[in-house]
A.B. asks: 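Dumping the structure here so I can ask a few things about it.
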Amino acid sequence: MNALPILEPATKETCCPPAGTVLGAEAAKEKAILFKALADPNRLRLLSIVKAEASGESCVCDLTDPLGLGQPTVSHHLKILVDAGLLHREKRGTWAYYSLVPGALDKVAGILADL
């Protein structure tokens, strides 16, 4: 009777290496903040409104009516977009004006393309 050879279990060294760059834990956390900011319909609408403005910026006072939300709620959503690096905030008197951070949306597209 012929004995079958004993196979050693596969190790990470014998496994196929990933074909592309693997996203590290810290980089994934940073990118997740960005995608969490985009995961809310109201925040997507805010980005759309600011981007569509001919002047390139919108006052917070002009962003409440289109969303049907109160100023504190809109300000909360805007803060999340600013913290994620998507919008820039400039204070003028009692009002805050928001504009897209140059290249921010291209950065989001690039992150998805690189996955």
Side-chain angles (χ1 to χ4, degrees):
M1 169 156 41
N2 293 339
L4 296 174
I6 298 173
L7 300 175
E8 295 296 321
T11 63
K12 288 188 177 191
E13 291 79 74
T14 61
C15 184
C16 299
T21 304
V22 176
L23 194 60
E26 194 58 38
K29 267 181 156 178
E30 291 172 15
K31 288 166 181 35
I33 291 169
L34 181 65
F35 289 113
K36 284 180 183 180
L38 292 170
D40 184 273
N42 290 314
R43 292 193 280 269
L44 285 176
R45 290 185 67 207
L46 285 167
L47 279 175
S48 173
I49 293 166
V50 172
K51 184 177 183 219
E53 184 60 44
S55 67
E57 62 183 11
S58 295
C59 177
V60 69
C61 62
D62 296 325
L63 297 171
T64 55
D65 285 343
L67 270 64
L69 299 172
Q71 186 272 326
T73 302
V74 170
S75 291
H76 168 74
H77 287 304
L78 290 166
K79 180 182 181 330
I80 290 171
L81 292 169
V82 168
D83 291 346
L86 296 165
L87 289 180
H88 171 72
R89 180 181 185 266
E90 182 181 334
K91 185 94 164 141
R92 296 184 204 154
T94 58
W95 295 109
Y97 288 80
Y98 293 86
S99 59
L100 281 174
V101 170
L105 297 180
D106 292 332
K107 178 182 174 184
V108 173
I111 291 169
L112 289 173
D114 290 343
L115 286 180

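In this chain, numbering begins with 1 at the start of the sequence shown. Note that the coordinates shown come from a computational prediction; the quantities given were computed from them, not determined experimentally. The figures that follow rest on heavy atoms only: side chains count, while hydrogens, waters and symmetry mates do not.
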A.B. asks: So, the side chain of Arg89 versus the backbone of Leu78: is there a donor-acceptor pair under 3.5 Å, distance only?
C.D. replies: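 A pair under 3.5 Å: no.
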A.B. asks: How long is the straight-line distance from CG of Leu23 back to NZ of Lys31, given to the nearest 0.5 Å?
C.D. replies: 6.0 Å
A.B. asks: Tell me the closest heavy-atom pair linking Arg43 and Lys36, and the distance in Å.
C.D. replies: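 Where Arg43 meets Lys36 most closely, the heavy atoms are NH2-O, 3.4 Å.
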A.B. asks: So how far is it from Cys59 SG to Trp95 CH2, rounded to the nearest 0.5 Å?
C.D. replies: 5.5 Å
A.B. asks: Is there a continuous path of hydrophobic side-chain contacts, each under 4.5 Å between heavy atoms, that joins Leu81 to Ile33?
C.D. replies: no
A.B. asks: Do Ile80 and Leu87 sit in the same hydrophobic cluster, where Ile, Leu, Val, Met, Phe, Trp and Tyr count as joined when their side-chain heavy atoms come under 4.5 Å apart?
C.D. replies: no
A.B. asks: Please name all residues satisfying salt bridge (Lys or Arg N to Asp or Glu O under 4.0 Å) with Lys79, sequence neighbours left out, ordered by chain then number.
C.D. replies: Asp83
A.B. asks: Looking at every heavy atom in both Leu38 and Leu44, which two are closest together, and how far apart are they?
C.D. replies: O-CG, 3.3 Å
A.B. asks: Would one find more than 12 heavy atoms of other residues, nucleotides or ligands at under 6.0 Å from atom NZ of Lys29?
C.D. replies: no
A.B. asks: Can you hop from Val101 to Leu46 via hydrophobic side chains spaced under 4.5 Å?
C.D. replies: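 No, Val101 and Leu46 fall in different hydrophobic clusters.
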A.B. asks: Apply side chain to side chain contact (heavy atoms under 4.5 Å, CB included) to Ser48 and list each qualifying residue two or more places apart in sequence or on a separate chain.
C.D. replies: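 Testing Ser48 for side chain to side chain contact (heavy atoms under 4.5 Å, CB included), a comparison that skips the adjacent residues, returns none.
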A.B. asks: Could you check Thr64 against Leu69 for side chain to side chain contact (heavy atoms under 4.5 Å, CB included), going step by step and ending with a plain yes or no?
C.D. replies: CA-CA 5 Å; Thr64 55; Leu69 299 172; 6.0 Å; no
A.B. asks: Got a second to check how far Leu34's CG is from Lys107's NZ, nearest 0.5 Å?
C.D. replies: 6.5 Å
A.B. asks: Using the rule side-chain contact (heavy atoms from CB on, under 4.5 Å), only one of Val82, Leu47, Leu86, Asp62 pairs with Tyr98; which is it?
C.D. replies: Val82
A.B. asks: Given Ser99, which partner from the list Lys51, Glu57, Glu90 fulfils the side-chain contact (heavy atoms from CB on, under 4.5 Å) test?
C.D. replies: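 Only match with Ser99 under side-chain contact (heavy atoms from CB on, under 4.5 Å): Glu57.
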